[in-house]
Number of protein chains: 2
Amino acid sequence: MREFFHPDLNDIKVEQVLYALSDPTRLAIVKRLYESGEQSCARFEDLGKKSNLSHHYRTLRECGLIYIRRDGRHSYMTLRQEEMNQRFPGFLESVVKAQ
Amino acid sequence: MREFFHPDLNDIKVEQVLYALSDPTRLAIVKRLYESGEQSCARFEDLGKKSNLSHHYRTLRECGLIYIRRDGRHSYMTLRQEEMNQRFPGFLESVVKAQ
DNA sequence: TAAATAGTTTATTAATTATTAAACAATTGA
DNA sequence: TCAATTGTTTAATAATTAATAAACTATTTA
């Protein structure tokens, strides 16, 4: 079972994070993770087709916003909330709370 | 002398703001405006060619981040800092201070 | 009035990104 | 073991966005 790449905290680029969050689907994913904690991919099927969603997960993972672990045939995602807050204080909260 | 369109505070979309800021040139413009206040376009010529910059100004203006006024043959830009802070508290500061 | 200035807009081409379907991999359950 | 499940990846096409040059507008200065 291959593991996913996750960037180190210090390699996270704010431009990439901003870009990842500028897509409505990806922003919706992040908001749900912020509100409900760890979720499996199945929870987001209402947001699009699975191959498209999988690309979005990758964008979110590679920019450093989320962590994905595999368990059996499931993938579980969490926000890297504490790390983001350490690196960009106040940023993530201001975005997910934007109305 | 035609005036520019500027969206109302309530029409500002966080996705569009995030997208506008995800470009390195536009982010650099916003950081300078944050630090130095109103600037004319001439102050950003080191960041690219003028027609390209003009497109970037437009993106920043249309998403609601900056205000552009014309005076003679010059255009002067300011960040809509108070409004952004009213609409998305803490957001702009967290972005411009991101290292 | 003519030329220069300061920037904007249009049109074109190049480069990125998004979306989909189909193939694939790993795991689980019958 | 075979089929189903749960995603991921690849490959292709469609759609967006970026960058540039050239034309344009309004203003100012000579």
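In what follows, every chain begins at residue 1, and chains take the letters A, B, ... in the order their sequences are listed. Note that this is a predicted model, so its numbers are computed, not measured.
Separating the OH atom of A:Tyr19 from the C1' atom of C:dA15 is a distance of 12 Å, rounded to the nearest angstrom. In this structure, the NE2 atom of A:His56 is 12 Å from the C1' atom of C:dT20, given to the nearest Å. Protein atom NZ of A:Lys49 is 17 Å distant from nucleotide atom P of D:dT8, rounded to whole Å. The distance from atom CD of B:Glu15 to atom P of D:dT16 is 16 Å, rounded to the nearest whole Å. As a whole-Å value, the separation of A:Glu3 CD from D:dT8 P is 14 Å.
Within the structure, every pair that satisfies the ring-ring contact (aromatic ring centres under 6.0 Å, His included) test and touches residues 36-67 of chain A, not counting sequence neighbours, is listed here: A:His6-A:Tyr67.
Across all strands, B:Phe44 comes closer than 4.0 Å to no nucleic acid atom at all (heavy-atom distances).
Tested against A:Glu83 for a side chain to side chain donor-acceptor pair (under 3.5 Å), the candidates A:Gln81, A:Arg80, A:Gln86 yield a single pass: A:Arg80.
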**Item:** Contact letters for nucleotides 2-12 of chain C, in which S counts primed atoms plus P, OP1 and OP2 and B counts the base, heavy atoms under 4.0 Å
**Value:** --BBSBBBBB-
**Request:** Would you please test A:Glu3 and A:Arg69 for salt bridge (Lys or Arg N to Asp or Glu O under 4.0 Å) and show each step?
**Result:** CA-CA 8 Å; A:Glu3 275 171 39; A:Arg69 72 179 175 88; over 6 Å; no
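Under the 4.0 Å criterion applied to side-chain N and carboxylate O atoms, A:Arg32 and A:Asp46 are assigned as salt-bridge partners.
Within a 6.0 Å radius of CZ in A:Arg43, no more than 12 heavy atoms belonging to other residues, nucleotides or ligands are found.
Between B:Phe91 and B:Phe88, the angle of the ring planes goes over 60°, which puts this pair in the perpendicular group of the 30/60° scheme.
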